[in-house]
2 protein chains.
Amino acid sequence: MGRRSDHSRAELEALILDAGQALMAEVGLARFSAREVAKRIGYSVGTIMHMFGGIDPLVMAINSRTFLLWADWLEHRLSGLRGQERIEALVRGYFEFAEGHPNLWAAIYAHRLPEGTGLPEPLADQRARLTAIVTREVSAILAEERQEDAPSLARSLVATVHGHCSFALGGSFALLGETEPLALALRRVDEILRANGAALAEF
Amino acid sequence: MGRRSDHSRAELEALILDAGQALMAEVGLARFSAREVAKRIGYSVGTIMHMFGGIDPLVMAINSRTFLLWADWLEHRLSGLRGQERIEALVRGYFEFAEGHPNLWAAIYAHRLPEGTGLPEPLADQRARLTAIVTREVSAILAEERQEDAPSLARSLVATVHGHCSFALGGSFALLGETEPLALALRRVDEILRANGAALAEF
DNA sequence: ATTAAAATTGGACGCTGTTCAATTTCCATA
DNA sequence: TATGGAAATTGAACAGCGTCCAATTTTAAT
């Protein structure tokens with residue numbers, strides 16, 4: 001025991017986050033376990049506790065990492081698209097990422113940090129990247145005199161799509177007999193954008 | 001030990017659900033504990049396990065109960081209102097209930113039942129009541145030739161408001177600098193209803 | 001080489017959900 | 001009213017969890 005220079009501080013952190021995110025993807029937040037992460041990387045639980053300070057900060061770090069993954073994936077998905085195709089790709093992208101990584105996605109919204117504790121600045125920045133992408137795209141199809149509405153409108157659109165995606169993956173829509181959640185979300189986004197003066201082609 | 005007729009079967013179930021819901025409201029899903037519920041009602045954990053079959057079914061029952069509470073509260077809130085005031089009251093009601101019972105509300109959406117297991121019919125019915133109210137109100141302000149759109153539109157509106165409420169209580173909006181989540185939700189609902197031919201007064 | 005500091009461990013603690021044999025109570029029948 | 005079988009309830013056991021910390025080992029500086 002003691003400082004084994006098998007891994008540097010940064011390497012060890014990456015090791016923990018890699019294994020942690022993998023475990024989260026496999027079993028979800030409810031069955032996530034710091035002990036299991038420790039077992040997988042060959043360190044003791046104490047090491048993880050010492051580095052992150054508890055299981056909540058660790059989960060926060062993993063979730064912020066998921067946001068990064070998500071944002072990169074979205075950007076890649078936008079490349080080559082033009083005009084309002086890009087907006088549609090954002091909505092589809094939201095759903096597809098969530099469906100492709102349901103446990104990672106659900107962990108983001110199921111995990112509530114004990115009251116009072118806010119996100120450390122760097123983690124907050126990682127999370128804001130996703131909305132920044134949407135703001136940029138919304139801005140691009142908004143008239144010049146409505147540019148100032150873009151940030152607020154983007155946040156609201158993300159919330160709208162999130163609500164539909166959340167009901168789709170959480171089973172609420174299935175419970176209510178709704179079979180086309182994505183189509184619903186796409187229509188709402190279209191309506192909202194038109195109502196706010198976006199330049200969209202006729203249906 | 002043995003069948004103590006202190007309480008009938010139904011009484012005991014109500015006792016467990018009462019104490020369970022109270023505990024959920026106090027500590028939230030993450031710190032919810034069947035053992036603590038047992039302690040509070042003076043029975044052993046085994047009794048709860050035997051009645052509900054596990055902690056997941058118990059949480060499901062509590063959450064469905066929360067839906068009932070919510071629906072009743074909403075109905076009461078609608079009484080005396082007319083026209084589009086009723087739609088506005090639904091949106092405000094969604095936010096106010098969530099803000100008034102944050103742990104109960106969050107537990108509904110944070111709890112994901114282990115895959116494959118669906119809700120028992122009676123519980124599903126309890127949950128559908130809330131959307132049924134919205135469908136009724138949406139139907140009331142929709143033109144006759146658009147009546148068939150009401151159920152789907154209502155589900156979508158609930159999802160939209162849920163998304164905004166979820167971002168508000170979960171801290172996403174705060175993180176992104178949004179300070180007026182309710183106002184945002186109200187505007188989106190107005191836009192969506194107008195886009196679908198609802199009879200709403202000029203702003 | 002010595003020493004102070006940092007990293008890592010393993011074990012303890014109290015908690016959790018789940019299971020089940022043993023016990024107690026109830027109800028129906030004789 | 002006595003009795004037997006069925007149902008309810010318990011308490012203890014189990015494995016796992018997050019958290020903590022004294023003890024140990026390694027590293028880096030002197």
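Just so it is clear: chains get the letters A, B, ... in the order the sequence lines come, proteins before strands, and each one is counted from 1.
Considering only side-chain atoms of B/Arg9, the nucleotide from C/dA7, C/dT19, D/dT9 that sits closest is D/dT9. Ranking D/dT19, D/dT10, C/dG17 by closeness to the B/Tyr43 side chain, first place goes to D/dT10. Among the nucleotides C/dT9, D/dT9, D/dT19, the one closest to any side-chain atom of B/His50 is D/dT9.
A sub-4.0 Å separation between OP1 or OP2 of D/dA8 and a side-chain N or O of B/Thr47 is absent.
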Self-check item: Heavy-atom protein contacts under 4.0 Å, nucleotides 12-17 of chain D, coded B base, S sugar-phosphate only, - none
Solution: -B---B
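Atom CD1 in B/Ile48 sits about 14 Å away from atom C1' in D/dA8, given to the nearest Å. Rounded to a whole Å, the CE atom of A/Met51 is 8 Å from the P atom of C/dT8. C/dG17 atom C1' lies 14 Å from atom CG of B/Leu29, rounded to whole Å. One can place CE of B/Met49 at 16 Å from P of D/dG11, the figure rounded to the nearest angstrom. Rounded to whole angstrom, the span from the CZ atom of B/Phe52 across to the P atom of D/dA8 amounts to 14 Å. Atom CG in A/Asp56 sits about 12 Å away from atom P in D/dC20, given to the nearest Å.
Here A/Leu58 lies out of heavy-atom contact (under 4.0 Å) with every strand.
Residues meeting the side-chain hydrogen bond (donor to acceptor under 3.5 Å, both in side chains) test with A/Ser44, sequence neighbours left out: none.
A perpendicular orientation is assigned to the rings of B/Trp105 and B/Tyr94, their planes being inclined by more than 60° (bins at 30° and 60°).
In this structure, B/Glu180 does not pair ionically with B/Arg187, as no charged nitrogen and carboxylate oxygen lie closer than 4.0 Å.
Under the ring pair (Phe, Tyr, Trp, His ring centres under 6.0 Å) test applied with B/His162, the options B/Tyr109, B/Phe167, B/Phe95, B/Phe97 reduce to a single match, B/Tyr109.
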Practice problem: Take A/Arg65 and A/Asp18, measure what side chain to side chain contact (heavy atoms under 4.5 Å, CB included) needs, and give me the verdict at the end. | Solution: CA-CA 10 Å; A/Arg65 219 166 186 253; A/Asp18 277 348; 3.0 Å; yes
Practice problem: Take A/Arg146 and A/Asn196 through the side chain to side chain contact (heavy atoms under 4.5 Å, CB included) test and state the conclusion after the steps. | Solution: CA-CA 8 Å; A/Arg146 308 284 298 255; A/Asn196 286 272; 3.6 Å; yes
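Using a 3.5 Å distance cut-off with no hydrogens or angles, the side chains of B/Arg188 and A/Thr160 do not pair a donor with an acceptor.
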